2 protein chains.
Amino acid sequence: MRSPSKAAPPAMRADARKNYEHLLAVARKIVLKEGVDASLRDIARKAGVGLGTLYRHFPTREALLETLLRTEWDELIAKARALEGAGAPDEALVSWLRDFVAAVRTYRGVVTSMTSAFADETSALHASCAAIRAVCNQLLVRAQTEGTARNDLDGTDLFALVGALAWIGDQPALASRAGALFDVVMGAVFDGRALPPKKTAQLRPAGVF
Amino acid sequence: MRSPSKAAPPAMRADARKNYEHLLAVARKIVLKEGVDASLRDIARKAGVGLGTLYRHFPTREALLETLLRTEWDELIAKARALEGAGAPDEALVSWLRDFVAAVRTYRGVVTSMTSAFADETSALHASCAAIRAVCNQLLVRAQTEGTARNDLDGTDLFALVGALAWIGDQPALASRAGALFDVVMGAVFDGRALPPKKTAQLRPAGVF
DNA sequence: ACCTGAACACCGTTCAAGT
DNA sequence: ACCTGAACACCGTTCAAGT
């Protein structure tokens, strides 16, 4: 009669599941405080569990992060689906991106982990990254065809910009301006109808840098 | 008759100076390849020097980075001075910011070190950060009063945005778009004459995020 | 005045041995 | 089937001892 513990792993012996659940709770608390580079040893220690146990449940640090962020990913994807057909395309995209930044900022440094996982198919975070990028891309395409999003950007560009904003939020010295700068950058993503071929033409050299 | 080795430390015994110089050269090569988190132990080892020697010349990792970037800082400040009176204010600012990003990207991860040093007066990088921010601010103010830079941003905001772009450049999966995204963000910094009080008003909620 | 390297307290990761 | 912790190869940092 036990309720199906959300996102719990498949068949698992009772004692193992208990370990797993507790480990995850402790890990969440520690990573929340220390960020993604928290000591795995410390997590195992504080959870009262052998190091090997942690490693079997989460063979890599990314696997642990992936599990810690499971809920956030699911909510982001659900939200994207909800926004897809409804409301103004531009507002839908911005609203979703804002949530994305908030989700990524749950744990300090996670945006850098995600970016690494982006191009690394062997990473436990890769699948989530790809899924997130896919829904992001859909929202973007709609905002480009039906809204005013500039069409010289793709999903990866948006991911980069929003990741960069999350990075700002991760820096204590800059975090207080993260919200305002989010708006500034969004202003650049929607640069007005039909987008003139070179909005940034005044800036010249471009390219190399 | 020896030429005054540029940026060399003050009085120093001949053998010590030789160690110092060689250490720095080896460190440069390694940090260039490994980024700012390169193993200090490894640097000392490859330089054929005791660990203590490295620590006396560079009591902290930041002190080493500061020395490695000395040239870049000086050039950036000189360039700012040169740009100050001359040329179009907007172009001057953008051109300088581009150079700033390029300089920071010399060593992977340096932008995060700088940002930490920003609010930490005890950091060996702090003075350089402050100096850089100061000249950045001057260029910004001129672009705001004589050019078209929006005036709801200050030097720290610009530092954050440009740091974020450098962060993008540090991520292998995103680096190829760093140049284009630099232009995109610059487009948001110069949002046209006299700046309407709310260019991003369409985006609504603002604030919290 | 300068240098060395052992010592200490940490890591991440693996894997034999236990229950 | 699951767990533990020693073992290994690394860190950063300090500091007594050497020249």
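Letters A, B, ... are given to chains in the order of the sequence lines, protein chains preceding strands, and every chain is numbered from 1. From a predicted model like this one, the values you see are computed outputs, not experimental measurements.
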Would a 4.5 Å heavy-atom cut-off, applied to side chains only, mark A:Val162 and A:Met186 as touching?
yes

For A:Gly48 and for B:Thr60, locate the closest nucleotide of DNA chain D by heavy-atom distance; then report the residue assigned to the nucleotide nearer the 5' terminus.
A:Gly48

So the side-chain hydrogen bond (donor to acceptor under 3.5 Å, both in side chains) pairs with at least one residue in residues 160-177 of chain A (sequence neighbours excluded) are A:Trp167-B:Thr112, A:Arg177-B:Asp157

Kindly state each residue pair satisfying side-chain hydrogen bond (donor to acceptor under 3.5 Å, both in side chains) with at least one member in residues 27-36 of chain A, sequence neighbours excluded.
A:Arg28-A:Tyr107

Please examine the side chains of B:Asp183 and B:Arg98, heavy atoms only from C-beta on, and report whether any two atoms are closer than 4.5 Å.
yes

Does the side chain to side chain contact (heavy atoms under 4.5 Å, CB included) test come out yes or no for B:Leu93 and B:Leu97, once each step is laid out?
CA-CA 6 Å; B:Leu93 179 56; B:Leu97 289 175; 4.0 Å; yes

Output field dot_bracket for DNA chain D (Watson-Crick or G-U, both distances under 3.5 Å, | for other-strand pairs) contains ||.|||||...|||||.||

Quick one: label B:Arg61 by what it contacts on the DNA or RNA (base, sugar-phosphate, nothing), any heavy atom closer than 4.0 Å.
sugar-phosphate

Return the residues of residues 35-44 of chain B meeting this criterion: a heavy atom under 4.0 Å from some atom of DNA chain D. Order them by number, or give none.
B:Ala38, B:Ser39, B:Leu40, B:Arg41

Aromatic plane relationship, A:His57 with A:Tyr20 - under 30° parallel, 30 to 60° tilted, over 60° perpendicular
perpendicular

Going by heavy atoms in the side chains, are B:Leu64 and B:Leu40 under 4.5 Å from each other?
yes

Which atoms form the tightest heavy-atom contact between A:Gly169 and A:Ala175, and what is the distance?
O-CB, 3.5 Å

Are any of the side-chain nitrogens in B:Asp42 or B:Arg45 under 4.0 Å away from the carboxylate oxygens of its partner?
yes

Assess whether a salt bridge exists between B:Arg17 and B:Glu21, defined as any Lys/Arg side-chain N lying under 4.0 Å from an Asp/Glu carboxylate O.
yes

Can any side-chain N or O of B:Asn151 pair as donor or acceptor with the backbone N or O of B:Gln144 at less than 3.5 Å?
no

Near DNA chain C, which residues from residues 122-129 of chain A have a heavy atom under 4.0 Å away?
none

Of all nucleotides in DNA chain C with an atom under 4.0 Å from a non-hydrogen atom of chain A, which is the first and which the last going 5' to 3'?
C:dC11 to C:dC15

Flag side-chain contact, heavy atom, 4.5 Å: A:Leu23 against A:Leu54:
yes

Taking B:Arg133 for its side chain and B:Gly155 for its backbone only, find out whether a donor-acceptor pair lies under 3.5 Å.
no

